[in-house]
Enquirer: 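Handing you a structure now.
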2 protein chains.
Amino acid sequence: MKGHNYSSKREAIFKTIASTKSHPSAKWVYEQLKDEIPNLSLGTVYRNIALFKEQGKVISVASVNGEERIDADISDHAHFVCENCGCVYDLFSSELSPLEKELTRNSFEITRKNVVFHGICKNCKLN
Amino acid sequence: MKGHNYSSKREAIFKTIASTKSHPSAKWVYEQLKDEIPNLSLGTVYRNIALFKEQGKVISVASVNGEERIDADISDHAHFVCENCGCVYDLFSSELSPLEKELTRNSFEITRKNVVFHGICKNCKLN
DNA sequence: TAAAAAACAGTAATCATTCCTGTTTTCTGT
DNA sequence: ACAGAAAACAGGAATGATTACTGTTTTTTA
């Protein structure tokens, strides 16, 4: 069975994801770690991210310029994606309950909700 | 300048997108049209979808299994993506205003908001 | 401490999407 | 209607993110 053995690389990958608020891509995680772990393979990063998603330890929050962006903060919050710089920001709010109730009433099972605003972020607007 | 000449293929592509509630992928649109238009190229479908997005005539609503899914209904509504069958459903509600206000107050410019719930849809639950 | 299982590196394959080049269609002014 | 000029297109090659494969290394277990 997979995901049951200790692995120093898996641990390093998870720590890297959990210690940033940048909502990283697989490549970003790989770039961060390759100096510290010279023989790390990009495939290992992808494989472990897939495992973390199965385990519910990370979630996919958005696809930005063809790259999947993930988050180890699995608490109930929304995101804002800047279409200019690709930055992903956290948004904390719980004003979506009417939608959730409507879905539940209609027999849809919500396993995850993804709230993404697109636009231009504060930093980009100020150049 | 692009997008200024008439094109029968462009018209057919837009009509196909506008006449379905399936939130199609580029490939789906191509499959629908290739019998009617035998020499249609998949690249043409992609090129025209990109043009429609620039013109604001279609929006990207979600990425499902690596495929971008689009919608010609650009009215303010959210979507529900079934993780089992990949179907994308429309959700009509306007209960997201507190989030929008918070963003606007903080100098974020919203050009588009993307509200996606993930889970298992009614049809899949009932097998 | 020796199999057995899991994880890995490195590379090849896949697949959606974009790019390129030569051809066809559409437009515009006469 | 007709001849450039501009735009759109087909078909195929290129790109780039992600996944799969194979032989090797690490971890577990007993």
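Per chain, numbering begins at 1; letters A, B, ... match sequence-line order. These figures come from a predicted structure and were not determined experimentally.
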Enquirer: Between B/Ser60 and B/Glu68, is there a side-chain donor-acceptor contact under 3.5 Å, judged purely by atom types and distance?
Expert: yes
Enquirer: Heavy atoms within less than 4.0 Å of DNA chain C: which residues of residues 9-23 of chain B have one? Give them sorted by number.
Expert: none
Enquirer: According to a hydrophobic-cluster definition based on side-chain heavy atoms being under 4.5 Å apart (Ile, Leu, Val, Met, Phe, Trp, Tyr only), do B/Leu51 and B/Leu33 belong together?
Expert: no
Enquirer: Can you check the B/Lys53 NZ to C/dT17 C1' distance for me, whole Å?
Expert: 10 Å
Enquirer: Find the distance A/Leu33:CG to C/dA9:C1' and express it as a whole number of Å.
Expert: 15 Å
Enquirer: Atom CG of A/Asn39 to atom C1' of D/dT24: distance rounded to whole Å?
Expert: 12 Å
Enquirer: Quickly work out the B/Phe52 CZ to D/dA8 C1' distance and round it to whole Å.
Expert: 12 Å
Enquirer: Are B/Ile13 and B/Ile37 co-members of a hydrophobic cluster defined by side-chain heavy atoms under 4.5 Å apart?
Expert: yes
Enquirer: For nucleotides 25-30 of chain C, just jot down a letter per nucleotide in 5' to 3' order: B, S or -, based on protein non-hydrogen atoms under 4.0 Å.
Expert: -SS---
Enquirer: Using the rule that Ile, Leu, Val, Met, Phe, Trp and Tyr join whenever any side-chain heavy atoms are under 4.5 Å apart, tell me whether A/Val81 and A/Ile70 fall into a single cluster.
Expert: no
Enquirer: Between A/Ile17 and A/Ala72, what is the shortest heavy-atom contact and its length?
Expert: CG2-CB, 3.9 Å
Enquirer: Considering all heavy atoms of both residues, which atom of A/His4 and which atom of A/Arg10 are nearest to each other, and what is their separation?
Expert: N-NH1, 4.4 Å
Enquirer: For B/Lys57, give me all partners under side chain to side chain donor-acceptor pair (under 3.5 Å), at least two apart in sequence or on another chain.
Expert: none
Enquirer: Judged by atom type as modelled, is there a donor-acceptor pair below 3.5 Å linking the side chain of B/Arg69 to the main-chain atoms of B/Gly86?
Expert: yes
Enquirer: What are the atom names and distances for every N/O pair under 3.5 Å that joins the protein to nucleotides 14-23 of chain D?
Expert:
from: D/dA17; atom 1: O3'; to: A/Gly66; atom 2: O; distance (Å): 3.3
from: D/dT18; atom 1: OP1; to: A/Glu68; atom 2: N; distance (Å): 3.0
from: D/dT18; atom 1: OP2; to: A/Tyr46; atom 2: OH; distance (Å): 2.3
from: D/dT18; atom 1: O5'; to: A/Tyr46; atom 2: OH; distance (Å): 3.3

Enquirer: Which residues pass the ring-ring contact (aromatic ring centres under 6.0 Å, His included) test with B/Tyr30, sequence neighbours left out?
Expert: none
Enquirer: Output side-chain donor-acceptor pairs under 3.5 Å for residues 18-29 of chain A, partner residues at least two apart or in another chain, one line each.
Expert:
from: A/Ser19; atom 1: OG; to: A/Lys15; atom 2: O; distance (Å): 2.9
from: A/Ser19; atom 1: OG; to: A/Thr16; atom 2: O; distance (Å): 3.3
from: A/Thr20; atom 1: OG1; to: A/Ser22; atom 2: N; distance (Å): 3.0
from: A/Thr20; atom 1: OG1; to: A/Ser22; atom 2: OG; distance (Å): 2.9
from: A/His23; atom 1: ND1; to: A/Lys21; atom 2: O; distance (Å): 2.9
from: A/His23; atom 1: ND1; to: A/Val88; atom 2: O; distance (Å): 2.9
from: A/His23; atom 1: NE2; to: A/Asp71; atom 2: OD2; distance (Å): 3.2
from: A/His23; atom 1: NE2; to: A/His79; atom 2: NE2; distance (Å): 3.3
from: A/His23; atom 1: NE2; to: A/Asp90; atom 2: OD1; distance (Å): 2.9
from: A/Ser25; atom 1: OG; to: A/Trp28; atom 2: N; distance (Å): 3.2

Enquirer: Just how far, in rounded Å, is P of C/dT17 from OH of B/Tyr30?
Expert: 15 Å
Enquirer: For B/Asn48 and C/dT18, give me the distance from atom CG to atom P, rounded to whole Å.
Expert: 13 Å
Enquirer: Could you tell me the separation between the CG atom of A/Leu40 and the P atom of C/dT11, rounded to a whole number of Å?
Expert: 14 Å
Enquirer: Shared ILVMFWY cluster between A/Leu40 and A/Phe52, side chains joined below 4.5 angstrom?
Expert: yes
